[in-house]
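These notes concern the structure reproduced below.
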Amino acid sequence: MAKDKTYVLGMFPYPSGEGLHVGHGRIFSAVDVMGRYFRMKGKQESQSSDHSPKIAQGSELGGQVLSPMGWDAFGLPAENAAIKAKKNPIDMVPHNYGNFRAQMKNLSFDFDWKHEFATTDPTYYGFTQWLFLHLYEAGLVYREEVAINWCPKCLTGLANEEVMGDGTHERCGTVVTKKSMPQWVMKITNYADRLLNDLSAPVIQSSSNPVDDRKTGKQENRNTNMGLDWPRGILEMQRNWIGKKEGVRVKFQVESPSSLSSLTALEVFTTRIDTINGVTFIVVAPEIADGWINGGFEANEEVKKYIEKSLQKSDQTRQEGEKNKTGVDTGLKAINPWNQEEVPIYVADYVLPDFGTGCVMGVPQYDERDLAFATKYNLEVKDLPLDKYEDVLAKLTKDKVANSETNWHLRDWVFSRQRYWGEPIPLVYCEKCGDQNGVVPLTEKDLPLELPYLESYEPTDTGESPLSRINEWVNTKCPKCGGPARRETDTMPNWAGSCWYFLAFPWWSEKTKTQLDEFKKKSETPYTNFWKEVAKPEIDKWLPVDWYLGGAEHAVLHLLYARFWVKVFQDRGLLDFSEPFLRLRSVGMVLAEDGKKMSKSLGNVINPDEMVAKFGSDAVRLYEMFMGPWDQAISWDTRSLIGQKRFIERIGEAVKKVGDKTSPILSVNLVKLGEKVEKGIVEQKFNTAIASIMEFVNMWRGSDLVMSQNDVNKFAQLLSPFAPICAKSIWDQAETAKWPTFEEVSEMAEVPVTIAVQVNGKLRATVELESSKSKVESEVMKIVMDNEQVKKWAPGEIKKTIFIPGKIVNLVV
RNA sequence: GCCGAGGUGGCGAAAUGGUAUACGCAAGAGACUUAAAAUCUCUCGGCCUUAAAACCAUGCGGGUUCGAGCCCCGCCCUCGGCACCA
């Protein structure tokens with residue numbers, strides 16, 4: 001069912017000490033423009049006139065609008081900055097977001113401030129902890145000793161998604177290493193199928209999307225008819241990251257040496273079972289072979305040394321050997337179940353332990369990597385025809401040595417961080433009544449579990465969280481048996497708060513803490529009751545988010561994690577929907593004037609406060625929206641900003657030209673302008689919307705044309721989403737009145753129109769005539785055939801005439 | 001290698017298959033000013049030119065069409081993401 005509401009949200013910022021930058025400005029200006037537009041639009045009668053622009057029809061968007069703002073304030077940069085300043089982030093962070101808020105108000109961002117919160121507010125993270133407990137109770141959180149990605153600078157473990165393509169930490173740029181330690185891990189892989197399928201499942205009725213209603217032959221750069229209306233690139237990035245691979249798991253018997261009796265068979269994963277006849281060797285990952293040795297396999301020195309060396313390599317250095325594959329023969333042999341041939345088993349570090357089974361069948365005939373390896377180690381390369389995939393699978397399945405299997409690139413989500421500045425994980429270790437993980441979860445009435453105020457909270461390089469040093473905090477009582485227990489001392493990653501913040505905005509207010517305290521007095525399950533009675537009704541009203549605007553850097557981070565949590569909460573009955581963000585739009589990065597990424601160290605950062613002080617907030621907003629296509633990266637150019645200041649001054653001159661009745665040409669153009677502005681806003685083509693307003697102002701100001709006061713007011717409204725201060729100075733109700741309708745005016749028929757005249761497709765003349773006549777072929781041809789240029793270029797017989805009403809005549813001679 | 005987005009003036013860029021270069025910046029000339037800044041007016045793709053007209057121009061080569069920046073086929077280049085994924 002279409003809801004009469006619009007939820008417009010920008011990805012909430014991380015309030016760093018440096019303050020808002022112009023990249024934030026680009027996102028939030030757009031959010032504000034859209035929020036302001038939909039707010040005014042929502043005041044229109046729901047049944048608008050047939051003459052209103054096409055884009056406004058059939059749209060559920062409108063009604064009430066929610067456009068909130070908050071602060072994603074936990075995380076490493078704040079903590080690192082606080083360490084440097086020798087302060088506690090608890091004291092520093094509110095100062096930082098206070099500054100962000102002031103800067104946003106300075107840019108006239110009209111957000112719903114009454115819903116504001118920071119993820120670091122204990123009342124907020126109490127809910128984060130409660131939701132974590134839901135994930136825990138769903139069996140989606142487990143403890144495992146794994147070799148995780150470790151940032152040696154930030155001294156914490158990281159999720160796969162936080163390691164960039166070049167092997168560095170996405171926050172600090174340090175090369176990530178491996179460290180083996182026990183971790184809390186979230187079973188996001190349980191949801192891999194749904195996370196993949198729901199990207200293309202039809203969640204939006206096409207008629208409800210104003211953009212789809214447009215008649216356009218052009219293929220848009222995003223999914224429009226099916227599934228999430230997200231940029232294609234981001235959908236692809238998520239698909240690739242989830243990385244579904246369908247293949248076959250095949251068992252090879254191993255000619256087991258007496259040293260390891262349990263090693264009788266190994267399994268390989270392949271997507272090309274049809275090439276199994278060409279197998280001439282087997283390769284296992286060093287980690288697998290290491291397991292055999294630990295199990296008692298007596299490998300020779302060369303093998304042991306190779307494995308030892310490989311295990312010390314980071315993923316990064318292991319990949320550097322891409323062209324130069326190394327490996328060593330284990331001396332073991334395997335039997336190919338398809339043709340019973342005996343092949344050698346090698347260990348090589350080009351095989352990864354965590355994809356498939358960590359064992360690969362070497363088919364040099366059909367696989368480049370295997371060929372490189374075979375060439376290097378003088379292994380046989382066969383030359384055989386392919387078998388039929390289904391035949392091989394059927395036979396091997398019947399022989400019970402193979403089965404179809406799906407593998408995923410997606411790994412479970414390493415969730416614990418060995419740092420101070422995050423939500424404490426609400427679990428305690430109790431020797432008496434701990435579960436399979438040795439822990440007892442806190443109960444609802446224990447929440448929030450507050451982060452203690454520490455004088456010293458520097459991370460350690462031992463992998464121990466700073467919280468572990470605080471005995472009075474660590475030592476606690478078991479919530480179940482009351483006996484002695486220890487708290488979990490790792491904290492949550494900064495993604496935790498952003499995984500559900502969009503669910504909190506609709507119901508969050510200053511009163512939330514008091515309300516929650518009331519629930520705490522009344523019941524043992526205050527959070528559950530609060531959710532049911534206070535939060536859920538508002539969530540039902542406002543979610544999912546209709547428009548989500550932000551940076552593409554979150555494609556496989558926040559956007560994936562948040563989708564995962566929402567699906568879990570749906571399964572837990574906390575929510576009634578499965579996808580949080582219906583329409584996603586990603587902003588292009590704002591680069592420095594030198595074309596490089598803005599950074600403090602390069603000294604090329606543009607400070608928006610300075611820009612506002614110099615040019616005014618309207619000019620800065622206009623420039624952010626006008627500088628180029630909103631979704632495209634662009635270099636900042638302060639010189640160009642002057643143009644927006646001039647534009648505002650020209651508006652001031654134009655609006656003085658008021659008359660009793662609007663000049664016909666302006667009447668007609670005002671209607672067209674209204675359509676262009678609305679279309680520009682809903683399609684995020686803010687640059688062309690502003691250009692249209694400029695054109696209109698140029699025409700109005702540079703002539704003796706006038707507008708009626710009523711039309712001047714309408715014009716001010718069109719301007720107000722972009723330049724609210726200027727608009728308000730023209731008409732004091734420009735921001736608050738309902739969005740005007742732009743109906744066709746009677747002057748439409750009278751205003752002159754220029755028709756292009758082509759001969760054989762080349763422009764040879766233009767003719768001008770009244771709009772109404774320009775649509776009638778006989779009227780147009782009368783004038784065309786009388787034109788000197790036409791007589792010159794088409795003197796003889798005209799074979800064919802193409803007439804496009806109101807636009808063009810093409811004479812074929 | 002795979003996936004995605006792009007390639008149009010000096011620069012940022014416009015353009016439902018229908019007048020390419022809108023809008024803005026920069027630049028040049030002029031006005032105002034003692035002067036500068038600001039502002040205003042005009043010019044501003046290339047070629048040729050006093051001017052006009054013609055011709056040539058949307059990365060390259062073909063094609064479809066009355067008509068292609070846009071659609072189709074084959075390339076080149078730039079940017080972003082992923083990648084020894086078996």
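Atom CD1 of A:Ile808 and atom P of B:U16 are 15 Å apart (whole Å). One can place CG of A:Leu763 at 15 Å from P of B:G18, the figure rounded to the nearest angstrom. Between the CG atom of A:Leu235 and the P atom of B:G80 there is a distance of 21 Å, given to the nearest Å. The CD atom of A:Gln758 sits 6 Å away from the C1' atom of B:G67 (whole-angstrom rounding). Atoms CD (A:Glu170) and P (B:C82) sit 11 Å apart, rounded to a whole Å. As a whole-Å value, the separation of A:Lys672 NZ from B:C23 C1' is 17 Å. In this entry the distance linking NE2 of A:His554 with P of B:G80 reads 18 Å, nearest Å. Separating the CD atom of A:Glu788 from the C1' atom of B:A52 is a distance of 16 Å, rounded to the nearest angstrom.
In this structure, A:Trp793 reaches the sugar-phosphate backbone alone: every heavy-atom distance under 4.0 Å involves primed, P, OP1 or OP2 atoms, never a base. Contacts of A:Arg764 with the nucleic acid, taken as non-hydrogen atoms under 4.0 Å apart, involve only primed sugar atoms and P, OP1 or OP2. Across all strands shown, A:Thr754 has heavy atoms under 4.0 Å from base atoms, whether or not it also approaches the sugar-phosphate. In this structure, A:Lys762 reaches the sugar-phosphate backbone alone: every heavy-atom distance under 4.0 Å involves primed, P, OP1 or OP2 atoms, never a base. Among the protein residues, A:Gly643 comes within range of the sugar-phosphate backbone only, with heavy atoms under 4.0 Å from sugar or phosphate atoms but none that close to a base. Looking at heavy-atom distances under 4.0 Å, A:Asn687 makes contact with sugar-phosphate atoms alone, never a base.
When both distances must be under 3.5 Å, the Watson-Crick or G-U wobble mate of B:G1 is B:C82. Pair check for B:C47 finds none; no Watson-Crick or G-U wobble contact set falls under 3.5 Å. If you check B:A68 for Watson-Crick or wobble pairing at under 3.5 angstrom, you find it has no partner at all. Both distances falling under 3.5 Å, in either a Watson-Crick or a G-U wobble arrangement, place B:A29 opposite B:U41. Using Watson-Crick or G-U wobble geometry with both donor-acceptor distances under 3.5 Å, B:G6 finds its partner in B:C77. Base pairing analysis places B:U19 opposite nothing; no Watson-Crick or G-U wobble pair with both distances below 3.5 Å involves it. If you check B:A53 for Watson-Crick or wobble pairing at under 3.5 angstrom, you find it has no partner at all.
Of the C1' atoms belonging to B:C2 and B:C84, the separation is 14 Å, rounded to the nearest Å. The separation of B:C42 from B:C47, taken at their C1' atoms, amounts to 23 Å, rounded to a whole angstrom. Atom name P, nucleotides B:C3 and B:A14: the rounded distance is 27 Å, in whole Å. Nucleotides B:C23 and B:C32 are separated by 27 Å at their C1' atoms, to the nearest Å. For the P atom pair drawn from B:C75 and B:G4, the interatomic distance equals 16 Å after rounding to whole Å. A distance of about 14 Å separates the C1' atoms of B:A20 and B:G67, rounded to the whole Å. For the C1' atom pair drawn from B:A37 and B:G45, the interatomic distance equals 32 Å after rounding to whole Å.
A distance-only check finds a donor-acceptor pair linking the side chain of A:Thr280 to the backbone of A:Glu380 [under 3.5 Å]. In this structure, A:Trp793 contributes its side chain and A:Leu763 its backbone to no donor-acceptor pair below 3.5 Å. The closest donor-acceptor contact from the side chain of A:Asn760 to the backbone of A:Val813 lies under 3.5 Å. Between the side chain of A:Asp229 and the backbone N or O of A:Arg583 there is no donor-acceptor pair closer than 3.5 Å.
Among B:C85, B:C66, B:A54, the nucleotide with an atom closest to any side-chain atom of A:Ile802 is B:C66. Between B:A83, B:A86, B:C25, one nucleotide has an atom nearer to the side chain of A:Ser640 than all others, and that is B:C25. Closest approach to the A:Thr688 side chain among B:A15, B:C55, B:C85 is made by B:A15 (side chain taken as heavy atoms from C-beta onward). You'll find that the side chain of A:Asp349 is closest to B:C84, out of B:C84, B:G18, B:C82. Proximity note for A:Arg232 (side chain, C-beta onward) versus B:A5, B:C3, B:C85: the nearest is B:A5. Checking B:U19, B:C23, B:C84 against every side-chain atom of A:Leu352, the shortest atom distance belongs to B:C84. Checked against B:C84, B:C66, B:A83, the side chain of A:Lys800 finds its nearest nucleotide in B:C66. Candidate nucleotides B:A26, B:G18, B:C23 were compared by shortest atom distance to the side chain of A:Arg639, and B:A26 ranks first. Each of B:C3, B:G18, B:A86 was ranked by its minimum atom distance to the side chain of A:Lys807; first place goes to B:G18. When the nucleotides B:A86, B:A54, B:C66 are ranked by their closest atom to the side chain of A:Gln789, B:A54 comes out on top.
Applying the 4.0 Å criterion to OP1 and OP2 of B:C85, one finds that A:Asn407 has every side-chain N and O outside that range. Contact check, A:His409 against B:A83: a side-chain N or O comes under 4.0 Å of OP1 or OP2. For B:G24, the OP1/OP2 oxygens have a side-chain nitrogen or oxygen of A:Asn698 closer than 4.0 Å. OP1 or OP2 of B:A13 has at least one side-chain nitrogen or oxygen of A:Gln632 nearer than 4.0 Å.
In terms of polar N and O atoms assigned as donor or acceptor, the side chain of A:Lys245 never comes within less than 3.5 Å of the base of B:C85 in a complementary pairing. Side-chain atoms of A:Asn810 come within donor-acceptor range of the base of B:C66, with a qualifying N/O pair under 3.5 Å.
Annotated as anti: B:G12, whose glycosidic dihedral deviates from 0 by more than 90°.
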Is there any protein nitrogen or oxygen under 3.5 Å from a nitrogen or oxygen in nucleotides 40-47 of chain B, and what are the pairs?
from, atom 1, to, atom 2, distance (Å)
B:C40, OP1, A:Arg701, NH2, 3.4

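Between A:Phe696 and A:Phe715, the distance separating the two ring centers is shorter than 6.0 angstrom. In this structure, A:Phe281 has its ring center at least 6.0 angstrom away from the ring center of A:Tyr377.
Heavy-atom contacts from other residues, nucleotides or ligands closer than 6.0 Å to NZ of A:Lys791 number more than 12.
Of the candidates A:Gln238, A:Met237, A:His554, A:Leu560 forms a side chain to side chain contact (heavy atoms under 4.5 Å, CB included) with just one, namely A:Gln238. Under the salt bridge (charged side-chain N to carboxylate O under 4.0 Å, His left out) rule, A:Arg701 has a single partner from A:Glu653, A:Glu695, A:Glu649, which is A:Glu653.
With sequence neighbours excluded, the residues satisfying ring pair (Phe, Tyr, Trp, His ring centres under 6.0 Å) with A:Tyr623 are A:Trp636. Checked against ring pair (Phe, Tyr, Trp, His ring centres under 6.0 Å), A:His409 has the following partners two or more places apart in sequence or in another chain: A:Trp241.
Annotation: of the two residues near RNA chain B, A:Thr271 and A:Ser692, the 5′-most nearest-nucleotide partner is A:Ser692. If you find the closest nucleotide of RNA chain B to A:Thr766 and to A:Glu236, the one lying nearer the 5' end belongs to A:Glu236.
Relative ring orientation between A:Tyr561 and A:Trp413 is described as parallel, the plane-to-plane angle staying below 30° on a 0-90° scale split at 30° and 60°.
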